[in-house]
Amino acid sequence: MSEAASRPSNFIRQIIDEDLKAGRHSMIHTRFPPEPNGYLHIGHAKSICLNFGIAEDYQGQCNLRFDDTNPEKENIDYVKSIQQDVQWLGFQWSGEVCYSSNYFDQLYQFAIDLIEQGKAYVDFLTPEEIRQYRGTLTEPGKNSPHRDSSIEANLAAFEKMRAGEFEEGKACLRAKIDMSSPFMVLRDPVLYRVRFAHHHQSGDKWCIYPMYDFTHCISDALEGITHSICTLEFQDNRRLYDWVLDNLSMDWNPRPHQYEFSRLNLEYTVTSKRKLNSLVTEGYVSGWDDPRMPTVAGLRRRGYTPLSIREFCKRIGVSKQENMVEMAMLEACIRDDLNEHAPRAMAVLDPVKIVIENYPADKVEVLKAPIHPQNEAMGEREITFSREVWIEREDFREEANKKYKRLVLGKEVRLRNAYVIKAERIEKDANDQITTIFCSYDPETLGALPEGRKVKGVIHWVSAQTAVPAEFRLYDRLFQVPNPGAAEDFHAAINPDSLSVQHGYAEQGLVQAAVGQAYQFERQGYFCLDPDSAADRLIFNRTVGLRDTWAKISD
Ligand code: ATP
Ligand code: MG
């Protein structure tokens with residue numbers, strides 16, 4: 001498939017194609033405009049892939065701009081994590097990182113411009129009164145008594161706001177539009193408010209901050225953005241953005257136009273920074289990068305690759321249709337990637353000991369196993385075999401029918417990449433728990449079929465002499481209901497068993513694993529080494545199981 005043919009098509013790209021054909025633009029300029037008030041989540045990844053993807057495919061530009069108008073909710077940690085996540089996803093913004101706060105001087109001048117044209121006024125109603133005066137969807141609002149103050153009085157009052165002469169909530173600047181507009185956003189929206197807050201970029205220079213809506217559209221225009229792409233909840237705000245850009249004494253070229261697409265909603269999780277923030281601050285998860293979080297940082301720690309997330313964004317597409325995407329869709333993308341690329345290894349998550357009585361106690365044999373059975377080029381790894389090995393507790397039964405193709409007392413099974421063993425007898429502790437399974441092995445079965453009999457089952461194992469102790473963190477869905485965001489209290493829908501920890505062993509080569517390195521642990525799923533690991537304490541996160549179990553779980 002040619003590169004052009006593999007490009008996604010969607011209604012936004014069609015608009016761009018038409019704009020280019022009609023000569024409305026010669027260069028395409030998009031941006032990704034996060035507020036630095038949390039870590040990026042999988043929904044943002046959709047927006048990033050769309051905005052940066054368009055810039056790449058049309059040889060245009062895409063800015064990374066922080067819409068940082070809310071200093072109390074923002075911090076530099078968020079600013080840094082967002083840059084890291086965008087780059088990790090495989091994108092690079094044009095030029096320097098942009099900040100709306102870099103335009104605070106210009107925004108202030110634009111506010112004065114509106115006041116001078118009689119299109120903005122300083123209001124002294126309290127925030128509560130402003131709410132009451134605004135009316136409702138069925139009732140028009142009321143004009144503020146300060147709406148018709150003179151231009152001079154407004155200029156003077158706005159200057160006083162800037163000089164810090166009003167307390168927070170005692171004065172604000174509002175656009176003079178229409179208190180009976182059917183669009184609530186046009187009922188004299190607040191443009192500036194007083195906030196005695198330190199800003200992570202502009203420091204203590206300002207005690208008035210422009211509102212998001214006023215800032216966002218002007219920032220796009222100042223940056224020469226041609227297509228301002230955002231999610232559907234900003235559809236009504238577009239009317240305000242158009243009003244602001246059309247009423248300032250400026251000839252914008254290019255004049256940005258906004259196009260809305262539907263948000264990504266993912267089943268069994270929430271994609272709202274506010275809700276994710278509350279999971280972090282209230283201790284439901286270990287942090288923004290907890291592997292159960294749908295954040296880019298959480299997915300990375302869980303073992304998701306940039307490729308898998310970009311592929312997911314491609315598969316879900318871009319439309320105006322509100323929808324809920326199944327988790328299985330995201331998991332299929334990482335499974336496809338890791339199935340192809342992850343080296344294979346063996347690990348036993350819930351170990352029980354095997355003692356092979358006819359194998360010499362002091363012997364350690366080095367065996368070879370493929371790193372990837374479908375890709376010889378990845379080479380081989382060394383594994384050691386010895387008299388004592390660990391297998392999964394669930395891979396042994398004292399009795400079983402023919403369907404159970406694992407180790408059964410008195411029967412044989414193959415140890416993957418090694419010999420056929422036979423379970424001879426078992427030892428139990430006082431609680432009736434099996435402590436040891438005593439076996440014999442057939443020395444003629446290394447890489448060869450056993451003589452005169454069939455052994456169907458193959459199980460994984462590690463050598464007790466050389467295996468390294470490891471912790472395995474297994475994750476389940478974070479919420480118990482498909483749409484926790486719709487619940488009255490989404491905290492109540494949290495799955496109390498979303499993390500289970502097991503202590504077992506991994507084959508010895510894994511002491512060299514790097515943080516983030518992915519493996520397929522045979523029969524157990526895809527795992528990656530967690531940053532909490534230490535040299536003597538390996539911790540693996542299960543990224544995803546080998547097969548889709550979601551459908552089964554929901555039965
Ligand atoms: P949240 O509700 O999570 O706080 P937000 O819209 O306030 O999200 P921003 O930082 O303002 O977060 O978002 C930056 C960009 O990402 C915006 O253009 C927004 O439309 C887009 N975006 C946010 N959430 C999603 C989502 N779930 N799906 C697609 N795009 C999204
Ligand atoms: Mg927002």
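This chain uses plain numbering: 1 for the first residue, then up along the sequence. Atoms within each ligand, like the ligands themselves, are counted from 1 in listed order.
Remark: ligand 1 atoms within the under-4.0 Å shell around heavy atoms of S47 are 16 (O), 21 (C), 30 (N). Residue contact check: F32 has heavy atoms under 4.0 Å from atoms 14 (C), 15 (C), 16 (O) of ligand 1.
Residues Y121 and D188 bring a donor and an acceptor atom of their side chains to less than 3.5 Å of each other.
Judged by a 6.0 Å distance limit and a 45° cone about the ring axis, R239 is positioned over the six-membered ring of F183.
Remark: among candidates E233, R263, K46, R274, the nearest residue to atom 2 (O) of ligand 1 is R263, based on non-hydrogen atoms. One option in K273, E260, R31 has a heavy atom closer to atom 5 (P) of ligand 1 than any other, and that option is K273. Relative to atom 11 (O) of ligand 1, the option among H44, E35, K275 with the closest non-hydrogen atom is E35.
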Validation: residues 82-91 side-chain donor-acceptor distances under 3.5 Å, sequence neighbours left out:
unit_1	atom_1	unit_2	atom_2	d
D85	OD1	R300	NH1	3.0
D85	OD1	R300	NH2	3.0
Q87	NE2	Q92	OE1	2.8

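Residues N541 and R301 form a side-chain contact, since some pair of their non-hydrogen atoms from C-beta on lies under 4.5 Å apart.
No N or O atom of C230 sits closer than 3.5 Å to an N or O atom of ligand 1. Residue G43 has at least one N or O atom closer than 3.5 Å to an N or O atom of ligand 1. Not a single N or O atom of N37, backbone or side chain, sits closer than 3.5 Å to an N or O atom of ligand 1.
For the atom pair CZ of F472 and CZ of F540, the computed distance is 6.5 Å after rounding to the nearest 0.5 Å.
Sequence neighbours left out, the pairs with a member in residues 87-114 that pass salt bridge (Lys or Arg N to Asp or Glu O under 4.0 Å) are D105-K205.
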